[in-house]
2 protein chains.
Amino acid sequence: MTSRGPGKRVRKAPAERRHEIVATAARVGLTEGLECVTLRRVADELGVRPGLVGHYFPAADALVAEAFTGATMAELDGLLPEPPAEGDGPTPAGVLRRFFTLISGTEFDDVSRLWLNARHLSRYRPVLREHVVAQELLWCRRFAGVITDGTAAGEFSCPNPWAAAARVLVAIDGASTYINTSAEHRAEPIATMPRTVAEAELGLPAGALGPG
Amino acid sequence: MTSRGPGKRVRKAPAERRHEIVATAARVGLTEGLECVTLRRVADELGVRPGLVGHYFPAADALVAEAFTGATMAELDGLLPEPPAEGDGPTPAGVLRRFFTLISGTEFDDVSRLWLNARHLSRYRPVLREHVVAQELLWCRRFAGVITDGTAAGEFSCPNPWAAAARVLVAIDGASTYINTSAEHRAEPIATMPRTVAEAELGLPAGALGPG
DNA sequence: TGATTTATTGGTCACGTACTCAATAACATT
DNA sequence: AATGTTATTGAGTACGTGACCAATAAATCA
């Protein structure tokens, strides 16, 4: 990809270089796993010497953590966009319908793998752990916000949006847990569960958040 | 632990040695993580040279996979014992009550970590992957068996035990996914969910599978 | 234009891993 | 008691990792 002859130096503004390092690390982490996010791997990807990446990230843990946050933050904004400050965005039910449609696609598989990856790796890497906790709470907060909006608009009936969001996320994360193993063996009962749980939590009839 | 002077050799029957290697690997994997299951680590634990472990497991992947199966198999038998061939064991509802009580305890945390660990690692290690798939299906089958028994006995009402078991396991695995990260931040809504899902799936009133 | 800062290079270091293989010693068999 | 089998050792290779540091060249500033 990015290759140039040896010795030829390209000097960039620190902010720009740092940003492209994190972006590359996020891409590697998302597609190949966070343990592939190493100084050498990212450097190769950028056509740069490992020492340079080490210069921006003296501790490799920080790079892995930022890679995770970068990838999941982008994904969250794609799945559950923050509602516009004022005026009329899409209806909460519409937002959720779109959300459940998107996470059913195979494009979401890499994201499932990334979360699984990060949650396990957090056992050993405290810096990553903090980032994962922050993202988990952010996703929950974002989802709870949609529920709150929908309840205010009379679309949903939900006494405790935060707890309901947490439970829907349990279903989503539980269903995506098998992504590397027996997912296809039990596809049918598993895949439909998150949407069903959401409908139950929001007091909606079965199928209300379904496609079409 | 097991230490003896250098050079002193203890020669054991292959079956016995192999068994103690797997048992040690299972213990290390359960308490410290499957990436700590290395030839050297297991050898140190046994007071033996790394080459010996390598002799029994020419590929380290196989050792990790067997360590996982050993640990989860023991756990399953502790949580959901296979019913006696004939005669009267405990009632299915009683079995499930006991099950949900046990997985609520902190002793189950290591098991949660192990599953998370194994499911991620399966991404890279095909041998482990097969073992994890087998265990996932076994747990599901075992759970479905209890549901089937309870339905036959008139305790439960469940049209599809296999699918119901799969969904309850989604709730359990989803709830335990946060064990290394934000588990304690959202303990309340998350911890109660598996039992609630089970009660709904089995047509039981809320709290029917609760403690006491 | 000359001086200064610093982004970038290139190399080294110690560590831990799996894997290989010849030599050895404990056991079993005759 | 001698022999054969093999479980076990000990040393070695090759690889990938994070961390460290002096030298260098590109950009900026005086």
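All values below come from the heavy atoms of this structure, side chains included, with hydrogens, waters and symmetry mates left out. As the structure is a prediction and not an experimental result, all values here were calculated from the model.
Shown here are the salt bridge (charged side-chain N to carboxylate O under 4.0 Å, His left out) partners of B:Glu201, two or more places apart in sequence or in another chain: B:Arg167. Checked against side-chain hydrogen bond (donor to acceptor under 3.5 Å, both in side chains), B:Arg142 has the following partners two or more places apart in sequence or in another chain: B:Asp77.
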N/O to N/O distances under 3.5 Å, protein versus nucleotides 28-30 of chain C:
none

With 3.5 Å as the limit, what N/O pairs link the protein to nucleotides 20-24 of chain D?
from   : atom 1 : to     : atom 2 : distance (Å)
D:dT24 : O2     : A:Arg9 : NH1    : 2.6
D:dT24 : O2     : A:Arg9 : NH2    : 3.4

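For the pair A:Arg186 and A:Tyr178, the distance from NZ or CZ to the six-membered ring centre is under 6.0 Å and the angle to the ring normal is within 45 degrees.
Counting any heavy atom pair closer than 4.0 Å across all strands shown, B:Phe57 reaches no nucleic acid atom. Note on B:Ala59: only backbone sugar-phosphate atoms sit closer than 4.0 angstrom, heavy atoms only; bases stay farther off.
Atom CZ in B:Arg49 sits about 15 Å away from atom P in C:dA25, given to the nearest Å.
Set against C:dT9, C:dT6, D:dT6, the side chain of A:Arg11 has C:dT6 as its closest nucleotide. Of the candidate nucleotides C:dC19, D:dA7, C:dT8, C:dC19 has the atom lying nearest to any side-chain atom of B:Ala60.
Side-chain polar atoms of A:Glu45 and A:Thr24 form no donor-acceptor pair below 3.5 angstrom.
Among A:Ile147, A:Val146, A:Thr148, the single residue meeting the side-chain contact (heavy atoms from CB on, under 4.5 Å) criterion with A:Pro92 is A:Val146.
Here ring pair (Phe, Tyr, Trp, His ring centres under 6.0 Å) pairs that include residues 83-105 of chain A, with residues two or more places apart or in two chains, are A:Phe99-A:Phe143.
For A:Arg17, a side-chain nitrogen or oxygen approaches OP1 or OP2 of C:dT8 to under 4.0 Å.
Scanning residues 32-40 of chain B for heavy-atom distances under 4.0 Å to DNA chain C yields B:Thr38, B:Leu39, B:Arg40.
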